[in-house]
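Below: one structure, written as C-alpha cells.
Throughout, protein chains are lettered first and strands after them, A, B, ... in sequence-line order, and every chain is numbered starting at 1. The structure displayed is predicted, hence computed values, not measured ones.
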Amino acid sequence: MRIAPGDLLSWANSLEINHNIMSAVSIKKALSGEIASGTQIKIRGWVRTRRDSKAGFSFISTHDGSCFDPIQVVAPAELENYSSEVQKLTSGCAVICTGELVESQGRGQKFEIQASSVEVLGWVEDPDTYPIQPKRHSFEFLRDVAHLRPRTNTFGAITRVRHVAAQAIHRYFHENGFFWVNTPIITASDAEGAGDMFRVSTLDLANLPYKENGSVDFDRDFFGRETFLTVSGQLNVEGYCLALSNVYTFGPTFRAENSNTTRHLAEFWMIEPEIAFADLDDVADLAENFLKYVFKSVLDECPDDMAFFAQRIEPTAIERLERLIDAPFVHIDYAEAIGILKASGKKFEFKPEWGLDLQTEHERYLTEKHFNAPVIVKNYPTEIKAFYMRLSDDGKTVAALDVLAPGIGEIIGGAQREERLDVLQKRMLEQGMDAETYSWYVDFRRYGTVPHAGFGLGFERLITYITGMSNIRDVIPYPRVPGRADF
RNA sequence: UCCCCGGUAGCUCAGUUGGUUAGAGCGGGUGACUGUUAAUCACUAGGUCGUUGGUUCGAGUCCAUCCCGGGGAGCCA
C-alpha cells in the first residue's frame, strides 16, 4: 500500500496503537475553535490556579504545554469529590478533566469546560514549598529549579519557540537540498583551536598510567589515544560536503572555556551548513536567507508565544524580527568597519585598529548605532582567524565572515575554506599544527578539491535573539556553565 | 580568569548614623464574599538574616575570609 505524503499522518493516527493517545484532546485543540461547542471532551494537564466561587463552583486554570493559554475548567460543587479534592487543588497538581466544551460566560477566554468529572492524578506534596507559584519569579531563582521551570509561562513559550525554530531549520535545509550529517561528538582532533576542550577518558584519574618520559600513556585509554568532546563538526562535515554538495550539522557542541557571560554555554547546540562550489558571498547570502526563513517561521507558527515575549520580556521582540525579515542585511568589509569605527568620533575603551579583532563594543556600535540592522562583516586579517580560512591573493586577509545582530552581537561565524593544498599545508605548518592528526582533513584538498564555504550558528544565541531573553542560560533546558551542571 | 554588585520567610523585596520582641506583598492554612481569571477582605502559621572568624556593652547593619548568585570584560557560537 502506497500512501501520499500528505495523508501519512492521518494514516498513522488511524492505527490501533494510537487509540489511547487520541482519547483526550490537547488544550490547544480545545481552544482552537475546531471543536463544536457542546462537545464532550477530556483534557489532561497541570493546575495553574484555582479560584473558588461560593455560588457553587471553582475555576481551575489548567495548562498542558500544547499552547500558551491555559483552559478554564468550571468545576461545580455537585462533583462527588468537590470538597474532598477539587477545593484542595493547588498550583502544580495534575488533573484529568472531562466535560462539555462551552463558550465562556466570563471574559478572558473564548471557551471553557463545564466539568462533569475532575480526576486528580498527582497532588503537590507540600504546596507551601512548591517553588512554582502563580506570580512573577526571577530567572535566577528559576535556574535553581530548572527541572520545574518548564511549568511557567515563560519557559513553556521558550520551549515551543525553540522547537519551532529547530523544525524550521531542518525544513529550510531539507527543502533546499541539504543533507543533515551527524558528525561525531567524540573527537581526537584538537579542532582548529576553536576553544578549550573537555577530555573524554576512561582512565582511572587516581591511578594514571605513565610512559617512560613521564607523560600520561593515552595508548591505554579507551580509544588508544587522547580524545575530547567536539567543539565543532565543521572539519568532519567538510568531507560530506565534498561528496554530497550541500550538507549541515545540527548537534551538541562543547567548549571548556571559563566563560561567565550571558551568551556562553559549556554545552550548546550548533548548526553548521557547508556548501560546495561556493565562495564567501554565497555563504553570506545563505546565512541571510536562512535567518529570515527561520524568523518568519517562528512569527507565523508561534504568534501567542511571541506576543507574550513582546508583552513581558522584550517590547520590540516582534517588530525587530519583522524589520529584519524585510530589510537586506548590510554587507561590509572588515577594513570598512575599521574605517567607520575610526571616523565615528566615539571613544572606545579599545581603539579600533586594522589587524586587531573587533571588540564587543565595536560590534555593538556597528550593528546597533551606525546601521541599526544586522551586519555581515567580511574579510578579516589573516592573523586573527583560523588556519582553514581561504587566504586572499595578497595574504593579508582571509575569507571569513561574522554576522552581527543588534542586541546580541555575533550570531554567526563563517568562512570560505582554503581549498588549495599547498596554501593549507603552509598555514598549518606556520601554526605548528600536527600534520598527522589532520592528514584526513588535508586529503580533501588532495582528491577532487573544490571551493567550498560554510558557517556556524549558535542555536541558543538564535533563540535568545528571537525571544528577547537576555541570558542564554534561560533558553536551553538544563544549562551547563562553569561551576554548574545541576540536574 | 579579571572588574563591579548582591545573598534577610516557600518566592519578590524593605530594614535609618550599629540599639529592645526582624517587616510588607505574593504563596500556604482558616473563614467571609464573588462567573472568577495575578480575584477581593479578615485572621493565621512561617526567619540560626549565605559560611567561618573578628571589632563592640550590643552586629541583619562594620571588618576579614570562604561559598554561592547576578551584571560587565576577555575567549567565542
Distance-only donor-acceptor test (3.5 Å): side chain [X], base [N]:
X	N	answer
A:Gln114	B:rG35	yes
A:His137	B:rC11	no
A:Ser259	B:rC75	yes
A:Glu257	B:rU1	no

Of all the nucleotides listed ([options]), which has the minimum atom distance to the side chain of [X]?
X	options	result
A:Ser104	B:rG74, B:rU1, B:rU36	B:rU36
A:Gln359	B:rG74, B:rC11, B:rG10	B:rG74
A:Thr360	B:rA73, B:rG35, B:rG70	B:rA73
A:Arg51	B:rU36, B:rG35, B:rG70	B:rU36
A:Phe59	B:rG35, B:rG69, B:rG72	B:rG35
A:Asp52	B:rU12, B:rA73, B:rU34	B:rU34
A:Thr262	B:rG28, B:rG70, B:rG71	B:rG71
A:Glu140	B:rG72, B:rG70, B:rG35	B:rG70
A:Phe57	B:rG74, B:rG35, B:rA39	B:rG35
A:Glu112	B:rU1, B:rU36, B:rG71	B:rU36

Write down the distance separating the [atom1] atoms in [N] and [M], rounded off to the nearest Å.
N	M	atom1	result
B:rU34	B:rG70	C1'	42 Å
B:rA38	B:rC11	C1'	14 Å
B:rA42	B:rU52	C1'	45 Å
B:rC76	B:rG15	C1'	43 Å

Can you tell me the distance, in whole Å, between the [atom1] atom of [X] and the [atom2] atom of [N]?
X	N	atom1	atom2	result
A:Glu363	B:rA73	CD	P	11 Å
A:Arg480	B:rC76	CZ	P	25 Å
A:Asp357	B:rC76	CG	P	6 Å
A:Asn260	B:rC5	CG	P	18 Å
A:Leu89	B:rU36	CG	P	21 Å
A:Arg484	B:rG70	CZ	C1'	12 Å
A:Trp269	B:rC76	CH2	C1'	20 Å
A:Tyr380	B:rC76	OH	C1'	12 Å

Centroid-centroid distance, [X] to [Y], less than 6.0 Å:
X	Y	result
A:Phe57	A:Phe59	yes
A:Phe350	A:His362	no
A:His170	A:Tyr248	yes

Only pairs with both distances under 3.5 Å count, Watson-Crick or wobble alike; so what is the partner of [N] in this structure?
N	answer
B:rG6	B:rC68
B:rA32	B:rU40
B:rG18	none
B:rA73	B:rU1

Does the A:Asp402 side chain pair with the main chain of A:Leu404, one donor and one acceptor, at a distance under 3.5 Å?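 Not confirmed, A:Asp402 side chain does not pair with A:Leu404 backbone.
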Hey, which sits more toward the 5' end of RNA chain B by its nearest nucleotide, A:Pro482 or A:Leu265?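 Looking at RNA chain B, the more 5' nearest nucleotide goes with A:Pro482.
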Between A:Gln133 and A:Lys88, which is nearer to the 5' end of RNA chain B once each is assigned its nearest nucleotide?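 With A:Lys88 and A:Gln133 compared, the 5'-side residue is A:Gln133.
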So A:Phe198 and A:Phe254, would you call those rings parallel, tilted or perpendicular, with 30° and 60° as cut-offs?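 Rings of A:Phe198 and A:Phe254: perpendicular, as their planes differ by over 60°.
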In terms of the angle between their ring planes, are A:Trp269 and A:Phe250 parallel, tilted or perpendicular, with boundaries placed at 30° and 60°?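 Perpendicular, since the angle between the ring planes exceeds 60°.
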Cation over ring face, A:Arg320 and A:Tyr465, 6.0 Å, 45°: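 Flagged: A:Arg320 positioned over aromatic ring of A:Tyr465.
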Using a heavy-atom cut-off of under 4.0 Å over every strand shown, decide if A:Ser58 touches base, sugar-phosphate, or nothing.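 A:Ser58: no heavy atom of the nucleic acid under 4.0 Å.
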